[in-house]
Number of protein chains: 2
Amino acid sequence: MTVTIYDVAREAKVSMATVSRVLNGTAVVKEDTKKRVQDAIAKLGYRPNAVARGLASKKTRTIGVIVPDVSAAFVAEVVRGIEDIATMYEYHIILTNSDGEIEREVDLIGTMWEKQVDGIIYMTNKLSQEHIAAFEAAQIPVVLCATEDPERRIPSVNIDNRQSGYDAGEYLLSRGCSSLAYVTTPLGVSVVADRRGEGLERSAKQPLIRIEIPDAHYHSALPIIKEIFESTKVDGIVAASDELGLAAIHAAQDLGRPVPASVKVMSFDNTRLAEMVRPEMTVIAQPMYDFGAVSMRLLTKLLKDEPVDNYSVTLLHNIVERQST
Amino acid sequence: MTVTIYDVAREAKVSMATVSRVLNGTAVVKEDTKKRVQDAIAKLGYRPNAVARGLASKKTRTIGVIVPDVSAAFVAEVVRGIEDIATMYEYHIILTNSDGEIEREVDLIGTMWEKQVDGIIYMTNKLSQEHIAAFEAAQIPVVLCATEDPERRIPSVNIDNRQSGYDAGEYLLSRGCSSLAYVTTPLGVSVVADRRGEGLERSAKQPLIRIEIPDAHYHSALPIIKEIFESTKVDGIVAASDELGLAAIHAAQDLGRPVPASVKVMSFDNTRLAEMVRPEMTVIAQPMYDFGAVSMRLLTKLLKDEPVDNYSVTLLHNIVERQST
DNA sequence: CTGTTAGCGCCTTCAG
DNA sequence: CTGAAGGCGCTAACAG
């Protein structure tokens with residue numbers, strides 16, 4: 001039924017070791033016999049069993065990817081980046097969603113360990129001590145992707161979140177805004193969002209108004225933002241995601257305040273949404289694809305014990321100016 | 001370093017066979033010794049090696065998921081559905097993107113086979129004979145997800161695409177439209193889209209105008225649709241995706257034709273985009289999450305040789321009426 | 001350059 | 001109810 005390396009060996013009249021060698025290029029094999037082996041492989045339609053291989057070599061060439069939720073545009077884009085580079089280096093990814101539940105996240109690290117993944121790429125809103133402990137227990141190379149690690153004890157790739165918040169504020173002020181608000185998740189939910197808030201705060205001339213949207217969804221944000229517009233004199237909005245940015249735009253419009261004339265709105269991310277709505281949204285663009293791609297690339301280096309000059313990579317963010325400001 | 005089943009056996013003073021039994025519940029074990037084993041497991045922090053397990057049992061509890069591109073909203077949602085049900089049944093998923101390239105897709109089936117996945121969930125725009133051949137060669141249970149299989153030789157879950165196209169047309173006509181156009185990919189690119197077009201055509205009173213957008217992207221669609229608006233008297237648009245639907249709305253608006261007053265627009269999918277834009281879009285909602293969830297559920301049945309009453313599941317689509325019509 | 005021989009960690013008969 | 005023994009398919013020394 002299943003053709004094994006033995007079958008190939010027999011067919012090619014060599015030992016299985018030789019077959020293994022041509023398969024892995026792990027040693028020099030005479031051209032002639034190599035050809036015989038390759039012919040046998042083709043003839044029998046042999047495909048090496050990755051599981052057996054994994055058991056014997058203790059390397060599975062698969063990496064675990066733990067994200068809050070693939071169905072979020074931002075995350076999906078990151079995953080795409082991861083997967084592209086993974087295939088490039090001949091790795092596969094096991095994808096799991098944690099919904100940001102720390103218990104499940106820690107559990108998943110254990111599961112990944114059972115699966116013998118060679119490495120893990122990890123995205124979460126809030127890194128806890130439990131996480132760190134789980135990583136250390138699992139003894140698997142981990143790369144933190146787009147998540148804040150205050151201690152910087154774990155390899156990571158991120159942008160300078162605080163700076164990006166600061167830049168957003170500066171930009172809006174330079175565009176003539178005088179009273180800023182930050183539409184985001186409640187404090188403590190997302191460390192990334194909080195860090196940006198800090199930067200924003202630093203740039204704002206006046207105390208920053210925080211507009212907190214528990215589930216960070218468009219529809220729940222709409223009424224909440226409207227209320228703020230009605231009770232304050234906010235003329236500049238920074239939103240923690242494109243979705244929230246759009247809610248802000250619509251909230252303003254609903255109150256007869258044209259964007260950008262009366263109030264300017266910009267958001268974080270630069271998902272496709274930002275360029276498909278009207279007015280098109282000015283954003284602090286995040287290198288979503290690159291978050292994934294660079295994380296995976298960094299992980300391959302870790303796995304090969306290649307020299308790494310920087311264990312905590314900071315990617316660049318940039319402002320894409322469009323019509324909402 | 002790594003603690004194995006032997007270590008647990010020694011610690012519990014039983015044989016490894018017994019440990020295996022309590023681990024898998026594969027036979028009755030005396031309460032007393034079972035407890036000893038469990039204590040030993042806890043004490044040593046033992047976690048079974050899934051790879052070794054996979055080699056010995058020939059079951060890896062991982063399934064391969066092949067999709068065109070996770071970063072597409074529709075796909076990401078499906079993948080989420082797959083993953084949720086997979087975890088529920090204690091499976092993991094290996095995710096790969098094919099970009100719809102048939103060569104790569106066939107190649108991936110082979111790779112999945114090497115990885116010894118227990119099953120495959122497959123999404124593609126166009127099922128070819130090569131695919132079928134590859135499936136049969138791999139001898140792995142496959143479930144086609146949201147892709148048209150004219151022959152119905154492979155288990156699948158889908159909606160009635162032709163009917164959904166027909167429904168869209170009927171709906172628009174009932175809303176007073178008299179000249180319809182279908183914004184979609186070029187003929188032959190996506191069998192699903194083509195099938196819907198057939199249904200639409202059947203419902204339309206007049207020959208249907210096809211507006212083909214090679215890459216199906218918002219920005220490329222915009223000018224093309226405008227041109228059609230200018231050269232024809234179209235007053236009803238059905239778009240093959242929410243993104244294209246939005247392009248149609250904006251194209252109309254740009255030409256001073258209000259939506260829905262002057263032209264009505266509806267699209268397929270019902271991704272979040274549809275409910276976040278203005279006017280909110282009427283859609284033929286597809287059960288994206290369920291495509292994934294049901295596919296995975298079906299696959300678990302196939303893997304357990306459970307009786308399946310329907311190998312080709314048809315999920316229901318429905319019209320969600322919003323402001324664009 | 002090539003063959004032989006041990007395992008990798010676990011499941012699974014087969015005895016007892 | 002439990003133990004012993006033989007693989008699963010492949011890699012990796014170690015010889016030759």
Side-chain angles (χ1 to χ4, degrees), chain A residues 1-38 40-41 44-62 90 110-118 139, chain B residues 1-38 40-41 44-62 90 110-118 139:
Chain A
M1 187 66 256
T2 66
V3 18
T4 78
I5 201 173
Y6 282 101
D7 302 317
V8 176
R10 193 179 323 118
E11 177 75 26
K13 301 186 197 312
V14 295
S15 75
M16 53 166 299
T18 301
V19 178
S20 177
R21 284 182 191 111
V22 341
L23 237 38
N24 304 300
T26 185
V28 189
V29 176
K30 210 200 300 175
E31 257 325 303
D32 176 41
T33 76
K34 178 192 275 185
K35 173 115 176 48
R36 280 220 315 284
V37 171
Q38 286 167 335
I41 288 177
L44 301 179
Y46 168 74
R47 307 217 58 156
N49 180 324
V51 174
R53 213 175 220 182
L55 182 59
S57 69
K58 293 179 162 303
K59 289 189 177 341
T60 54
R61 298 210 76 82
T62 109
E90 300 187 292
T111 318
M112 290 299 181
W113 161 235
E114 288 189 2
K115 282 281 187 176
Q116 308 293 114
V117 297
D118 295 341
Q139 296 267 61
Chain B
M1 187 65 256
T2 65
V3 18
T4 78
I5 202 172
Y6 282 101
D7 301 318
V8 176
R10 192 179 324 119
E11 178 73 26
K13 299 187 198 310
V14 296
S15 75
M16 52 162 300
T18 301
V19 178
S20 177
R21 285 181 189 112
V22 341
L23 236 38
N24 304 301
T26 184
V28 189
V29 176
K30 210 199 300 175
E31 258 322 304
D32 176 41
T33 74
K34 177 192 276 186
K35 172 114 176 49
R36 280 219 315 286
V37 171
Q38 286 166 335
I41 288 176
L44 301 179
Y46 168 74
R47 308 215 59 154
N49 179 325
V51 174
R53 214 174 221 183
L55 181 58
S57 69
K58 293 178 163 303
K59 289 190 176 344
T60 55
R61 297 210 75 81
T62 109
E90 299 187 296
T111 317
M112 290 298 181
W113 161 236
E114 288 189 2
K115 282 281 187 177
Q116 308 293 114
V117 297
D118 295 340
Q139 298 267 62

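Naming: A, B, ... by sequence-line order, numbering from 1 per chain. What's counted below: heavy atoms across the whole structure, side chains too, no hydrogens, waters or symmetry copies. All figures in this text were calculated on a predicted structure; none of them were measured in a lab.
For A:Thr4 and D:dC8, the shortest distance from a side-chain N or O to OP1 or OP2 is not below 4.0 Å. Contact annotation: A:Ser15 reaches the phosphate of C:dG3 (side-chain N/O to OP1 or OP2, under 4.0 Å). The shortest distance between the side-chain N/O atoms of A:Lys58 and the OP1/OP2 oxygens of C:dG9 is below 4.0 Å. Proximity of A:Thr33 to the phosphate of C:dC1: no side-chain N or O atom is located under 4.0 Å from OP1 or OP2. Distances shown here put every side-chain N or O of B:Arg53 at or beyond 4.0 Å from the OP1 or OP2 atom of C:dG9. Close to C:dG3, at under 4.0 Å from its OP1 or OP2, lies a side-chain N or O of A:Thr18.
When all heavy atoms of B:Arg53 and B:Asn24 are compared, the pair lying nearest together is NH2-OD1, 3.2 Å. Minimum heavy-atom separation, B:Thr2 to A:Trp113: CG2-CH2, 4.4 Å. Contact detail for B:Ile5 and B:Met16: the closest heavy-atom pair is CD1-O, 3.7 Å.
Across the protein-nucleic acid pair, B:Met16 atom CE and C:dG9 atom C1' stand 8 Å apart, rounded to whole Å. For the pair B:Lys13 NZ and D:dG3 P, the computed distance is 12 Å after rounding to whole Å. If you measure from atom CG of A:Asn49 to atom P of C:dC8, you get 18 Å, rounded to the nearest angstrom. Nucleotide C:dC10 holds its P atom 17 Å from the CZ atom of B:Arg61, rounded to whole Å. For A:Arg21 and C:dT4, the CZ to P distance is 11 Å, given to the nearest whole Å. Put simply, CG on B:Leu44 is 15 Å from P on C:dG9, counting in whole angstrom units. Between B:Tyr6 atom OH and C:dG7 atom P there is a gap of 11 Å when expressed in whole angstrom units. One atom, CD1 of A:Ile5, and another, C1' of D:dT11, lie 8 Å apart when rounded to the nearest Å.
Heavy-atom distances to DNA chain D give each of B:Val29 and A:Val19 a nearest nucleotide, and the one nearer the 5′ end belongs to B:Val29.
With salt bridges taken as basic N to acidic carboxylate O contacts below 4.0 Å, one links B:Arg10 and B:Asp7.
Listed candidates were D:dG7, D:dC10, D:dA12. Nearest to the side chain of A:Ala17 is D:dA12. Across D:dT2, C:dC10, C:dC11, the shortest atom-to-atom separation from the side chain of B:Lys30 is found for D:dT2.
Counting non-hydrogen atoms under 4.0 angstrom, B:Ser20 reaches a base of the nucleic acid. Note on A:Val14: only backbone sugar-phosphate atoms sit closer than 4.0 angstrom, heavy atoms only; bases stay farther off. As judged by a 4.0 angstrom heavy-atom cut-off over every strand, A:Thr26 is placed among residues making no nucleic acid contact.
Here the options are A:Lys35, A:Lys34, A:Arg36, the test is side-chain contact (heavy atoms from CB on, under 4.5 Å), and the partner is A:Val22; only A:Lys34 passes.
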